[in-house]
Colleague: 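Please find one structure pasted underneath; my questions will follow.
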Amino acid sequence: MSTESTVEKLVSLCKRRGLVFQSSEIYGGIGGFWDYGPLGVELKNNIKQAWWRAVVQERDDMVGQDAAIVMNPTVWKASGHLDTFADPMVDCKECKKRFRADDLVGAVPAGTHGHDAAAKVTSCPECGGELTEPRMFNLMFRTYVGPVEDDASTAYLRPETAQGIFVNFANVLTTTRKKLPLGIAQIGKAFRNEITPGNFIFRDREFEQMEIEYFVKPGTDEQWHQHWVEERYNWYLGLGMRKENVRVRRLEPEEQAHYAKDTYEIEYLFPMGWSELEGIANRTDFDLRRHAEFSGRELEYFDEESGEHIVPYVIEPSSGVDRLFMAFLVDAYAEEEVRGEKRVIMRLHKDLAPIKVAVLPLSRHEKLVPPAREVWGLVRKHWMSQYDDAQSIGRRYRRQDEVGTPLCVTIDFDTLEDKAVTIRERDSMEQVRVPIAGLVDALREKLNTDD
Ligand SMILES: [Zn+2]
């Protein structure tokens, strides 16, 4: 499979099966914005739930929060985004196309922003025309708060969720009465007016982040940094990502963001090459010090052991839901031969699969409808499920396979006599007969969930 065909096949599958649509498609769409359809929103929610469970619910040193998208604009002065969150941009004087200068160089990883990434390429990759000098272009979306549109009312859609955590550090510390190390997790939308969004949902203008700010005592930061790199790497493998497709890379000193002491990236082997899934940065005390300076508030922690006020260091594991969505799909997608026929199968981890159980009456025969409906009623109290009675049973299995449904339950004419149904597994295609009375337990055992 060529790289292009893999992404094209995924885009087509996502559209055909209702995972991802182009935003406002009936009006021709809008670049860098995507909508998640009925199956897509399930997969996306499952990714977020798996993350929240691992980093908040199952830990004793983490709490969650949910900050507003629009914040006091001084936040972005303090964070440096107003001054430095910009990409160099060049225009073609002939065809008028606009490019990210660092894309033309190709040496700078996606997501890197700033003056360092200036371009050396001087001709248009599309038409060979002459390019303008690079100009800096701030990536924050601007808006106005209230009825007057002037400088005083200018606000921004947040380009990252992280700052919403830093500005709440003192609130969370006081209200939870927790000691360091203490982490705060947040999932939420962020916005970047990327010059050239692309590669499907890999680089969007509106996207969703899952970020952790993990506050530690200075001096313990390097050890906690290693901890989080391991934790996060293992999370991907635990959700079934193939080891050969995931790697950890330590950034070179010249690749580090201005606030970072050290950064690791967890990278995935996308069809277009190794690219960042998650960045794990040691941001030191940069952010808390900046916010203390700009707000005039003390953002410190009283360390009872030493009897001193300290400014914590921060380890930041930061990932994008949309990008993970794409990686999990790429990783799970497979084509195989079954009895001379091609089968497309999405080998998604059962926790991620949009639909856990499909309920399939053998046909639309009137005698099969009541027991099939009854079975669906039992199943959908526990799991996301789907009832499908259109076309042959073989085609319905294929339809479930290609969206990753781990289990299908089939109701046939024997069901009318033996009060039993057939469970069919996606990967092995093995089938077992179980009584309807024991169906929920049997499904629970196979899905290995605790609800
Ligand atoms: Zn051109």
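We count residues from 1, following the sequence as given.
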Colleague: What pair of heavy atoms forms the shortest contact from Ala50 to Trp235, and how long is it?
Modeller: O-NE1, 3.3 Å
Colleague: Sort and list the pairs that fulfil salt bridge (charged side-chain N to carboxylate O under 4.0 Å, His left out) and have at least one residue in residues 223-240, not counting sequence neighbours.
Modeller: Arg59-Glu231, Arg232-Glu278
Colleague: Is the closest basic N to carboxylate O distance between Asp91 and Lys97 below 4.0 Å?
Modeller: no
Colleague: Less than 4.5 Å apart, any side-chain heavy atom of Gln65 and any of Asn168?
Modeller: yes
Colleague: Between Asp262 and Asn282, is any side-chain donor less than 3.5 angstrom from a side-chain acceptor?
Modeller: no
Colleague: By ring-ring contact (aromatic ring centres under 6.0 Å, His included), which residues pair with Phe328, not counting sequence neighbours?
Modeller: none
Colleague: Indicate yes or no: does Arg289 engage Glu300 in a salt bridge with an N to O separation below 4.0 Å.
Modeller: no
Colleague: Are Phe169 and His291, when compared by the centres of their aromatic rings, separated by less than 6.0 Å?
Modeller: no
Colleague: Determine the minimum heavy-atom distance between Pro134 and Pro88, stating which atoms define it.
Modeller: CB-CB, 4.0 Å
Colleague: Going by side-chain contact (heavy atoms from CB on, under 4.5 Å), name the residues that satisfy it together with Val246, two or more places apart in sequence or in a different chain.
Modeller: Tyr233, Leu237, Met241, Ile266, Tyr268
Colleague: Compute the ring centroids of Phe325 and Tyr36, then answer whether they are less than 6.0 Å apart.
Modeller: yes
Colleague: For residues Tyr264 and His225, establish whether the separation of their ring centroids is below 6.0 Å.
Modeller: yes
Colleague: Does a side-chain N-to-carboxylate-O contact under 4.0 Å join Lys217 and Glu305?
Modeller: yes
Colleague: Only counting residues at least two apart or in another chain, list the ones meeting ring-ring contact (aromatic ring centres under 6.0 Å, His included) with Trp224.
Modeller: Tyr214, His227
Colleague: Using a cut-off of 6.0 Å, state whether more than 12 heavy atoms not belonging to Arg242 lie near its atom CZ.
Modeller: yes
Colleague: Below 4.0 angstrom, N of the basic side chain to O of the carboxylate: do Glu402 and Arg17 qualify?
Modeller: yes
Colleague: How about Phe202 and Phe270: are their ring centres within less than 6.0 Å of each other?
Modeller: yes
Colleague: Mind checking side-chain contact (heavy atoms from CB on, under 4.5 Å) for Phe33 and listing every partner two or more places apart, or none if nothing turns up?
Modeller: Ser23, Ile30, Phe141, Arg205, Glu206
Colleague: Among all residues two or more places apart in sequence or in another chain, which pass the ring-ring contact (aromatic ring centres under 6.0 Å, His included) test with Tyr144?
Modeller: none
Colleague: Search all heavy atoms of Glu267 against all heavy atoms of Trp274 and return the closest pair with its distance.
Modeller: O-CZ3, 3.6 Å
Colleague: Any carboxylate oxygen within less than 4.0 angstrom of a Lys/Arg side-chain nitrogen, looking at Arg444 and Asp441?
Modeller: yes
Colleague: Please determine whether a side-chain nitrogen of the Lys or Arg among Arg249 and Glu255 lies less than 4.0 Å from a carboxylate oxygen of the Asp or Glu.
Modeller: yes
